[in-house]
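As structure tokens, the structure follows; a few thoughts come after it.
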Amino acid sequence: MAQEDLFKKLVAHCKEYGFVFQSSEIYDGLAAVYDYGQYGVELKNNIKKYWWDSLVLLHENVVGLDSAIFMHPTIWKASGHVDAFNDPLIDNKDSKKRYRADVLIEEQMAKYEGKINKEVEKARKRFGDTFDEDQFRATNPRVLANQEKLDALHGRFVKALNDSDLDELRQIIVDQEIACPVSGSRNWTNVRQFNLMFSTDMGSTSESSNKIYLRPETAQGIFVNYLNVQKSGRMKIPFGIAQIGKAFRNEIVARQFIFRMREFEQMEMQFFVPPGTELEWFEHWKQHRMKWHRTLGFGDDMYRFHDHDKLAHYANAATDIEFKFPFGFKEVEGIHSRTDFDLESHQEYSGKKLQYFDPETNKNYVPYVVETSIGVDRMFLQIISAAYTEETLKKEDGSTDSRVVMKLPSALAPVKLAVFPLTKKDGLPEKARTILNEMKFEFNCQYEEKDSIGKRYRRQDAIGTPYCITVDHQTLEDDTVTIRYRDTMEQERVNITSLLQIIKEKVNMSNLLRQL
Ligand code: GAP
């Protein structure tokens, strides 16, 4: 199936099965804002727990924080967001559509890359086992021509970004003959900067009101509290502060479902280190975060690092962890070595000392910071796109059937166990409820008695429930039930007394955490 079709089906599936709804749908929706339904919120909570526990539970020197969304407006001046948190935008005069100039150019570079990869794949098929990819890339004239164009474009693009040269960005779009995907025309406006922060007024009267911002990242709440946490927790450097919370950005190009939203949630950790050690810690957290992703078991080749061409105003090293979404490799998480930029700047703007006293060296210094920053919603999209599977099943009579199954890691699944009485009579529902009442204290369970067992399995497959048990007449005789496994669809008869332990072991978050 084409990846585009797959993505459309995934979006429809999310709505049909209560994972994600368009915000304000009955009023025709609000662009790039989404609500999480009954299963979505469970999955989202489990993702957050996996992240939180992997940092706060497993590291003695990482602690949590929950800072407010509203902050003193000067914070955003100090952080550079008022002056520099901009996207370069360009309008097409015919379609009146607005685009990010950098995204248009990146898509053009991806086209060259696509052409090269196509040649490589064609050759791989032609030459079979004897194919030497490195040699082919180094000698094939079509590959070389496209690589040359790509390198030239890349060099020009990076320079324009680093110089913040908006005229040059426009010129690249013109020279590359990039057309508006809607109108097909190349009738472009100039490129302008557009600040992404939302603002509102705080205060009851117009005279006393103050313009404040909805935070565009949770990180600043950590920076301005770092000494509070350090002193009250008697933390020694190196140490980290982790936070999960909402962030807001007035994105120009908001598309691809929950990939780019205007209201979203971030999971960020700032790790405070002695100056001069930041690049070592950057490498450490880079590897640790990649392992966190790969532990979910969707396949190592689904992830890659992408080092930044243009470093943000606060960074001396930066990389993204990218995931292979149905629409290509895209950023899920950013890891930045943010130097002492933020703390120094807050020191300057607030007039308060933000130095750490190191008891071992008897010296004061402003720590350097390594940040890991991941979007909960983007992680959610990563997981559901990797988990969504359509299967054709062969039945015993030779005919075929199909099912949609969300192959979610058990620890993240919204519902861990579904309990079915085979029929609605003979005391089976009562027995099933007794079992459920025992299990519900340990994990999320669901009771279902409507429709055939087959239909009930399909519904649970669609929401990713890893285990279903059926209570039948034999249960009343010998206290055994059948347990059915989502991915293999195999069934096994087990004693009720061992059920709790069996499921608990399989769905425990520690199964993931122990692999880190
Ligand atoms: N404090 C650093 C920071 O905010 P970022 O790369 O701008 O860095 C970090 O954002 C992560 O937040 C991204 O990797 C992405 O997962 C998520 N994110 C950023 N903008 C988003 C948006 N508009 N919608 C959903 N997630 C977003």
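In listed order, ligands and their atoms are each counted from 1. Below, all heavy atoms of this structure are taken into account, side chains as well, without hydrogens, waters or symmetry copies. Keep in mind that what you see is a predicted model, and the values were worked out from it rather than measured.
- Contacts between Glu331 and ligand 1, counted as non-hydrogen atom pairs separated by less than 4.0 Å, involve the side chain only.
- Here Val332 has backbone heavy atoms under 4.0 Å from ligand 1, and that is the only part of it that gets that close.
- The shortest N or O to N or O distance between His336 and ligand 1 is not under 3.5 Å.
- Every atom of ligand 1 with a heavy atom of Glu333 under 4.0 Å away is listed here by number and element: 14 (O).
- Within 6.0 Å of NZ in Lys49 there are 12 or fewer heavy atoms belonging to other residues, nucleotides or ligands.
- Here's the thing with Glu371: one of its N/O atoms is less than 3.5 angstrom from an N/O atom of ligand 1.
- Only the side chain of Arg338 comes within contact range of ligand 1, with a heavy atom under 4.0 Å; no backbone atom does.
- Scanning the protein heavy atoms around atom 19 (C) of ligand 1, the nearest turns out to be Arg249 NH1, 3.4 Å.
- Gln220 and His81 are not linked by any side-chain donor-acceptor pair at a separation below 3.5 angstrom, with hydrogens and angles left out of the test.
- For atom 10 (O) of ligand 1, the choice among His308, Glu217, Gln266 with the nearest heavy atom turns out to be Gln266.
- The closest protein non-hydrogen atom to atom 25 (C) of ligand 1 is Phe259 O, 3.3 Å.
- A salt bridge links Arg137 with Glu133: the closest approach of a Lys/Arg side-chain nitrogen to an acidic carboxylate oxygen falls below 4.0 angstrom.
- When only non-hydrogen protein atoms are considered, atom 18 (N) of ligand 1 lies nearest to Phe264 CE1, 3.5 Å.
- Residue Glu268 touches ligand 1 through its side chain alone, judged by heavy-atom distances below 4.0 Å.
- A salt bridge between Asp487 and Lys407 is absent, with no side-chain N of the basic residue lying under 4.0 Å from a carboxylate O of the acidic one.
- At least one donor-acceptor pair closer than 3.5 Å links the side chain of His59 to the backbone N or O of Leu55.
- Per-residue contacts place Glu251 under 4.0 angstrom from the following atoms of ligand 1 (heavy atoms of the residue considered): 20 (N), 22 (C), 23 (N).
- Looking at atom 9 (C) of ligand 1, its nearest protein heavy atom turns out to be Ser373 OG, 3.0 Å.
- Within 6.0 Å of CD in Glu391 there are more than 12 heavy atoms belonging to other residues, nucleotides or ligands.
- One finds a salt bridge joining Arg192 and Asp91 here, because a Lys/Arg side-chain nitrogen approaches an Asp/Glu carboxylate oxygen to under 4.0 Å.
- Looking at ligand 1, you'll find an N or O of Met261 within less than 3.5 Å of one of its N or O atoms.
- Around atom CZ of Phe70, no more than 12 heavy atoms belonging to other residues, nucleotides or ligands sit under 6.0 Å away.
- Sorted by first and then second residue, the salt bridge (charged side-chain N to carboxylate O under 4.0 Å, His left out) pairs with a member in residues 17-37 read Lys15-Glu25; sequence neighbours excluded.
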